[in-house]
A.B. asks: 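Before I ask anything, here is the structure I am working with.
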Amino acid sequence: MSAAAASLVQLPPVFPTGRYATLARAGSFVAYEVSPRPPAAAAKPSRVFCCLPGLGDLRHSFRFLAPRLHSELGATVICQDLRGCGDSGTAFASYAIKEVADDVIAVLDAEGITTPVTIIGNSLSAAVALLLAAEHPARVASIVTLGGFFHDLPNDFWLRVVTPILLNRLTGPTLWPMAYRSFFKRPPSDNAAVERALAALLVADRRRIDAIAGLILASKAPAWDRRQDARQPALLIVGSVDPDFPDPKGEAEMVRGELVASSRAEVAVIDGCGHYVQAEDPDATFEAIKAFVR
């Protein structure tokens, strides 16, 4: 763990009394926040959640959910920015799923966390969570996915064509916040501030657009090909009107059926929500997670 520079994200921290840190990785670094010490009265103070946002998003996507995981479940909670996103560095040579997953293990090692953790992954980070479960069974107790992408989709061909055209350093800082807004169906009241923070980061270092493009183009096959090796319990949460899927519940049920080795795989649908259920309906998302892990 290296001495952390001041956060560049123009938003309050996820944990006002927590700790912000950076960790050197592959010629760059990843940034994350750690919750304060769990409450003394916590029933299971050893529980750890690692929250991973989607590509192009911020760890602040968990600003409503993570504090409740800490205070009400007595957990240690880590909220990590993906490589190239948020406060993380932009000098990475690769944005492949395997490298993103390795960043998570490196953060856990840096924090001295050896007990199995619950990985909460939004969007692309669902594939990261699945790969971690398959590759590191002793480190992962369970996975929770939110609007999860687990495998490459048919329209990925067109994404590979248009992403370099649209998400370039000139137009990307304008287009990505617009795209981000469109993935919400019930945006929280402070979402405009989050969009402004995203835009400011992209303008300050336009290599973040390269990172977003790299993550979009990253194949999810390394995770999907290992799906039958993931034995941990899995909770697949989706918004009922997630615009990224023609049939969000059907997609989640298909994935659930593919997790044949999982000791317990469940699907929860959050009514009226889009792609970011943790921000759109944090109460329902928290209750689903609470019921799953207890």
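Numbers here simply count residues along the sequence, with the first being 1.
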A.B. asks: Members other than Phe149 in its cluster, when Ile, Leu, Val, Met, Phe, Trp, Tyr link by side-chain heavy atoms under 4.5 Å?
C.D. replies: Leu153, Phe245

A.B. asks: Does the side chain of Val117 come within less than 4.5 Å of Arg139's, by heavy atoms?
C.D. replies: no

A.B. asks: Under 4.5 Å between any side-chain heavy atoms of Ile113 and Ile78, yes or no?
C.D. replies: yes

A.B. asks: Between Ser262 and Gln232, do the side chains contain a donor N or O and an acceptor N or O under 3.5 Å apart?
C.D. replies: no

A.B. asks: State plainly whether the residues Lys185 and Asp242 are in salt-bridge range, i.e. N to O under 4.0 Å.
C.D. replies: no

A.B. asks: Report yes if the side chains of Val104 and Cys50 come closer than 4.5 Å at any heavy-atom pair, otherwise no.
C.D. replies: yes

A.B. asks: Would you call Pro53 and Asn122 a side-chain contact if the rule is heavy atoms closer than 4.5 Å?
C.D. replies: no

A.B. asks: Which other residues belong to the hydrophobic cluster containing Leu170, where Ile, Leu, Val, Met, Phe, Trp and Tyr are joined when side-chain heavy atoms lie under 4.5 Å apart, directly or via other members?
C.D. replies: none

A.B. asks: Return the set of residues passing side-chain contact (heavy atoms from CB on, under 4.5 Å) with Arg256 (not counting sequence neighbours), or none when no residue passes.
C.D. replies: Leu236, Glu253, Ala265, Val267

A.B. asks: Has Ser35 got a side-chain atom pairing as donor or acceptor with Val77's backbone, closer than 3.5 angstrom?
C.D. replies: yes

A.B. asks: Could you tell me the separation between the SG atom of Cys79 and the CZ atom of Arg63, rounded to the nearest 0.5 Å?
C.D. replies: 11.5 Å

A.B. asks: Between Asp81 (side chain only) and Asp87 (backbone N and O only), is there a donor and an acceptor less than 3.5 Å apart?
C.D. replies: yes

A.B. asks: Is the side chain of Thr76 donor-acceptor paired with the backbone N or O of Val48 at a distance under 3.5 Å, no angle test?
C.D. replies: no

A.B. asks: Are Ile120 and Leu69 close enough that some pair of their side-chain heavy atoms sits under 4.5 Å apart?
C.D. replies: yes

A.B. asks: Report the residues that fulfil ring pair (Phe, Tyr, Trp, His ring centres under 6.0 Å) with Tyr276, sequence neighbours left out, ordered by chain and then residue number.
C.D. replies: Tyr180, Phe184

A.B. asks: Show me the donor-acceptor pairs, under 3.5 Å and distance only, between side chains in residues 192-203 and residues at least two apart or in other chains.
C.D. replies:
unit_1 : atom_1 : unit_2 : atom_2 : d
Glu195 : OE1    : Arg181 : NE     : 2.9
Glu195 : OE1    : Arg181 : NH2    : 2.9
Glu195 : OE2    : Arg181 : NE     : 3.3

A.B. asks: Could you tell me whether a side-chain N or O of Trp176 sits under 3.5 Å from a main-chain N or O of Leu167, the two making a donor and an acceptor?
C.D. replies: no

A.B. asks: Return yes if some donor-acceptor pair links the side-chain N/O of Arg227 with the main-chain N/O of Leu130 below 3.5 Å, else return no.
C.D. replies: no

A.B. asks: Decide whether Val241 and Leu146 are clustered together by the hydrophobic rule: side chain heavy atoms of Ile, Leu, Val, Met, Phe, Trp, Tyr closer than 4.5 Å, transitively.
C.D. replies: no

A.B. asks: Is the number of heavy atoms from other residues, nucleotides or ligands within 6.0 Å of CZ (Arg231) greater than 12?
C.D. replies: no

A.B. asks: Might you point out which heavy atoms bring Ala279 and Ser61 nearest each other, and give the distance in Å?
C.D. replies: CB-O, 4.1 Å

A.B. asks: With rounding to the nearest 0.5 Å, note down the distance linking CG in Asp57 to OG in Ser123.
C.D. replies: 8.5 Å

A.B. asks: Salt bridge (charged side-chain N to carboxylate O under 4.0 Å, His left out), that's the test. Do Arg264 and Glu266 meet it? Break it down for me.
C.D. replies: CA-CA 7 Å; Arg264 176 167 55 103; Glu266 302 175 5; 2.9 Å; yes

A.B. asks: Under a 3.5 Å cutoff, is there a donor and acceptor pairing between the side chains of Asp281 and Thr285?
C.D. replies: no

A.B. asks: Indicate yes or no: does Asp229 engage Arg226 in a salt bridge with an N to O separation below 4.0 Å.
C.D. replies: yes

A.B. asks: Answer whether the closest heavy-atom distance between the side chains of Phe150 and Thr145 falls below 4.5 Å.
C.D. replies: yes

A.B. asks: Give me the ring orientation class for Phe15 and His70: parallel if the planes are under 30° apart, tilted from 30 to 60°, perpendicular past 60°.
C.D. replies: perpendicular

A.B. asks: I'd like to know if Leu217 and Tyr95 are part of one continuous hydrophobic network [Ile/Leu/Val/Met/Phe/Trp/Tyr, side-chain heavy atoms within less than 4.5 Å].
C.D. replies: no

A.B. asks: Assigning hydrophobic clusters by single linkage (Ile, Leu, Val, Met, Phe, Trp, Tyr; side-chain heavy-atom cutoff under 4.5 Å), is Met254 placed with Leu259?
C.D. replies: yes

A.B. asks: How about Lys220 and Trp224: do any of their side-chain heavy atoms sit closer than 4.5 Å?
C.D. replies: no

A.B. asks: Going from CD1 on Ile289 to CD on Gln278, what distance comes out if it is rounded to the nearest 0.5 angstrom?
C.D. replies: 8.5 Å

A.B. asks: Are the side chain of Ser240 and the backbone N or O of Gly272 linked by a donor-acceptor pair below 3.5 Å?
C.D. replies: yes

A.B. asks: With a 4.0 Å cut-off, would you call Glu33 and Arg19 a salt bridge?
C.D. replies: no

A.B. asks: Following the transitive rule for hydrophobic clusters with a side-chain heavy-atom cut-off under 4.5 Å over Ile, Leu, Val, Met, Phe, Trp and Tyr, establish whether Leu108 and Leu82 coincide in one cluster.
C.D. replies: yes

A.B. asks: For the backbone of Leu166 and the side chain of Thr171, can you confirm whether one donor and one acceptor N or O come within less than 3.5 Å of each other?
C.D. replies: yes

A.B. asks: Who pairs with Asp283 by salt bridge (Lys or Arg N to Asp or Glu O under 4.0 Å), at least two apart in sequence or on another chain?
C.D. replies: Arg68

A.B. asks: Quick check against the 3.5 Å criterion: does Ser28 have a side-chain atom that pairs as donor or acceptor with the backbone of Arg25?
C.D. replies: no

A.B. asks: Quick check: do Leu55 and Ile216 have side-chain heavy atoms less than 4.5 Å from each other?
C.D. replies: yes

A.B. asks: Before you tell me yes or no, could you show the steps for Leu124 and Leu52 under side-chain contact (heavy atoms from CB on, under 4.5 Å), namely the whole-Å CA-CA distance, both residues' side-chain angles and the distance that decides it to 0.1 Å?
C.D. replies: CA-CA 9 Å; Leu124 174 77; Leu52 306 174; over 6 Å; no

A.B. asks: Can you tell me if Arg186 uses its side chain to pair, donor with acceptor, with the backbone of Asp271 under 3.5 Å?
C.D. replies: yes

A.B. asks: Take Leu131 and Lys98, measure what side-chain contact (heavy atoms from CB on, under 4.5 Å) needs, and give me the verdict at the end.
C.D. replies: CA-CA 8 Å; Leu131 184 57; Lys98 175 67 166 63; 4.3 Å; yes

A.B. asks: I'd like to know if the side chain of Asn168 reaches the main chain of Ile165, judged simply by a donor and an acceptor atom lying under 3.5 Å from each other, with no hydrogens or angles considered.
C.D. replies: yes

